[in-house]
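Below you'll find the structure, written out as C-alpha cells, and then a few comments.
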Amino acid sequence: GEKLNSVASKYTVSDTQTTFQKATNWNNFYEFGTDKTDPAHNAHTLHTRPWTVELSGLVKKKQTVGVDDLLKYRPIESRVYRHRCVEAWSMVIPWDGYSLSELINFAEPLPSAKYVQFISKVDRSQMPELPSGYDWPYSEGLRMDEAMNPLTLLTFGCYGEVLPNQNGAPVRVVIPWKYGFKSAKSIVKIVFTDKQPKTLWNEINSSEYGFYSNVNPQVDHPRWSQGHERRIDTGFLPRTIPTQMFNGYADQVASMYTGMDLKKNY
Amino acid sequence: MPTRFLPYAKVLVHLLCLVPLFVLLQRYRSGALALDADPVSTITHFTGNWALWLLLVSLAVTPLRRVSPQLSNLIRFRRMLGLYAFLYATLHLATYVFLFSGYDVQAAMDGLRAGHPGVVWENFKLIWPTMLGDVQKRPFIQVGLFSWVILLLLALTSPTFVLRAMGGKNWQRLHYWVYAAAVAACVHFWWLVKAGVRTPWKDTAVLAVLLGARVAWKALDNRRKAGLVASRAA
C-alpha cells in the first residue's frame with residue numbers, strides 16, 4: 001500500500017513482530033465474513049475515499065472531519081503494540097497513528113461526557129458478505145479516561161503503510177491492553193455519551209464479551225482459558241506463551257482500575 | 001452394483017477417503033500451509049470437518065440401501081467409511097493435543113533425534129494440566145471428546161472376529177451409539193463457533209435428514225407389520 005511518513009515512538013515493545021503477511025490475512029472483521037481469512041479476500045470492495053468521521057453527542061459543536069485532514073492533524077507515530085484477541089491468539093504489530101486524545105481534545109466534549117462510542121461503517125453494497133444476525137453497525141466503546149490514555153491510538157496505518165482494508169481502513173482505534181474486538185475498525189462516527197454505550201459483542205453475549213474486556217489471564221473466557229495465548233509472529237506454528245495482565249501494559253493502565261473488581265467488571 | 005466390481009470400488013473408496021489427508025500434506029510440503037497465519041487452526045478445522053463429513057457419509061449408507069435393492073452392496077463400504085471418520089477424528093484430537101495445547105513439538109523432535117525419547121513424555125507432562133483443565137471446564141471439548149471415545153469403541157469392535165465374539169445383538173446395541181457420536185459432533189461444532197455464526201447448519205441439516213429417514217422408515221415398517229397382523233386376523 002501507500003507509504004506513510006511516521007516517526008518512531010517510545011510506545012514500542014521489543015517482542016518479535018508478526019509478519020505483514022500473517023497480520024493482513026488473519027482478521028476478525030465480520031462485515032466481510034466470519035472466517036478469519038474472509039476479510040483479506042473480501043474487503044477490497046470497501047471504498048475508503050471519500051471518508052468522513054462524525055464527532056457528535058455531548059460535544060461543544062457537532063462536526064464532520066475528512067480522514068485526510070485527520071491524517072495531517074498530528075505527526076504520525078509508528079508504535080509497536082501487542083495485540084491480543086479474545087480467542088487466545090496474539091500478534092505484535094507496528095501501527096501508525098497518534099493518540100486518540102488529540103482528536104478528543106479537538107472534538108471538545110462537554111464535562112458531562114463520560115464515555116466514547118465508536119461506530120464502524122456498514123454498507124451492504126460494499127459488504128456483500130455482511131452476515132445477518134448481528135446488530136450492525138459495529139459499535140464499541142471506552143470510558144473517557146481509557147479513551148484519553150496516551151496508549152489508545154487513532155490508527156491510519158500499519159507496517160509503515162496505509163491500513164489494508166481488512167485491517168480497518170482508513171481509520172480505526174487500537175487499544176493494546178484490551179481484547180482485540182474493542183479496537184473498532186473503519187470508524188465513521190465517534191459519539192460522546194454520559195451513559196455506557198451499547199457495544200455489539202457485549203449485546204450478543206455479555207458473559208463472553210464484557211464491556212471492559214481488559215486482557216486478564218485470571219478471568220477465563222467461558223470456552224477457553226485466558227492464561228495463555230498463541231503468539232503468531234514469524235514461525236510456522238504459533239508459540240504458546242503466558243498472557244500478561246493488561247497485555248503487559250499494567251504500568252500505563254492499571255491505575256485507571258484501582259478499586260474495581262476486575263472479575264466482575266471483565 | 002455387480003459383485004465382481006466390489007474389490008475395485010473398495011480401492012477407489014480407500015483412495016477417495018485418503019485424498020483429504022493427501023491434500024493437507026501437499027499443502028504443508030508446498031509451503032501453502034505456512035502462509036496461513038495460524039496453520040494449527042486450519043489443520044484443526046480441516047480434520048474436524050472431514051471426520052464429521054465421513055461420519056455423515058457412513059450414516060447415509062443404510063437409508064440409501066433402502067432406496068433400491070441395487071444399492072444393497074453399499075453395506076460393504078460402511079465399516080471402511082466409519083473407520084476413516086475415526087481416523088480423521090483422531091487426527092483432529094492429535095492436532096489439539098500436540099499442536100494446539102502448547103506441546104513443544106520442536107523440543108520433542110530434537111529429543112528424539114538426540115536419542116532421548118523421554119523428552120516426548122516430559123513435554124506431555126507439561127501440558128497435561130492445561131488439557132485436564134480444558135476437559136473439566138469446557139463443554140464443547142467434553143462433547144467432542146465424548147464423540148471421539150464412541151468412535152474409538154466402535155473402531156475397536158469393528159473387526160469381524162470381535163463381532164462374532166460379542167454376539168450380533170450386543171454388537172448392534174453398541175454400534176447404535178454412532179447416532180450419539182454424530183449428534184455430539186454437531187453439538188461440538190455449534191458450541192465452538194462464535195455467537196451468530198451459523199456455519200454448522202449444513203452438517204446439522206444432513207444429520208437431521210439421515211436420522212429422520214430412519215424414523216420414517218421405522219414408522220412405515222411398523223404400519224406394514226400392523227397391517228400384516230390385521231390381515232392375518234381377518
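Reminder, nothing fancy here: chain letters follow the sequence lines and each chain counts from 1.
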Scanning both residues in full, the closest heavy-atom pair of A/T240 with B/S101 reads OG1-C, 4.5 Å

Which atom of A/W26 lies closest to which atom of B/A37, heavy atoms considered: CB-CB, 3.2 Å

If you count every heavy atom of other residues, nucleotides or ligands that lies below 6.0 Å from [X] atom [atom1], does the total exceed 12?
{"X": "B/D110", "atom1": "CG", "result": "yes"}
{"X": "B/W177", "atom1": "CH2", "result": "no"}
{"X": "B/R76", "atom1": "CZ", "result": "no"}
{"X": "B/F100", "atom1": "CZ", "result": "no"}
{"X": "A/M260", "atom1": "CE", "result": "yes"}

Examine whether an atom of [X] lies under 4.5 Å from a heavy atom of chain B, and if so say whether it belongs to the side chain, the backbone or both; otherwise answer neither.
{"X": "A/S132", "value": "both"}
{"X": "A/F236", "value": "both"}
{"X": "A/R223", "value": "both"}
{"X": "A/N28", "value": "side chain"}

To the nearest 0.5 Å, tell me how far [X] [atom1] sits from [Y] [atom2].
{"X": "A/L237", "Y": "B/L33", "atom1": "CG", "atom2": "CG", "value": "9.0 Å"}
{"X": "B/T199", "Y": "A/D35", "atom1": "OG1", "atom2": "CG", "value": "6.5 Å"}
{"X": "B/D36", "Y": "A/K36", "atom1": "CG", "atom2": "NZ", "value": "12.0 Å"}

Would the distance check show the side chain of A/R230 and the main-chain N or O of B/D38 forming a donor-acceptor pair, the cut-off being under 3.5 Å?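 No.
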
For B/V197, does its backbone N or O pair with a side-chain atom of A/Y30 as donor and acceptor, under 3.5 Å?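 Judged by distance alone, no pair lies under 3.5 Å.
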
Does the side chain of A/W89 reach to within under 4.5 Å of the side chain of B/S41, using non-hydrogen atoms?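 SC-SC contact between A/W89 and B/S41 ruled out.
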
Ranking A/S225, A/P131, A/G133 by heavy-atom pairs under 4.5 Å to chain B gives rank one to A/S225

Does B/K137 make a cation-pi contact with A/W224 (under 6.0 Å, within 45 degrees of the axis)? no

Please look at [X] and chain A and tell me whether the side chain, the backbone, both or neither of the residue comes under 4.5 angstrom of a heavy atom of that chain.
{"X": "B/Y103", "value": "neither"}
{"X": "B/D104", "value": "neither"}
{"X": "B/L35", "value": "both"}

Got a salt bridge between B/R138 and A/D220, using NZ or NE/NH1/NH2 to carboxylate O under 4.0 Å? yes

Salt bridge between A/E87 and B/K194, side-chain N to carboxylate O under 4.0 Å?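 Counted as a salt bridge, because a side-chain N and a carboxylate O are separated by less than 4.0 Å.
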
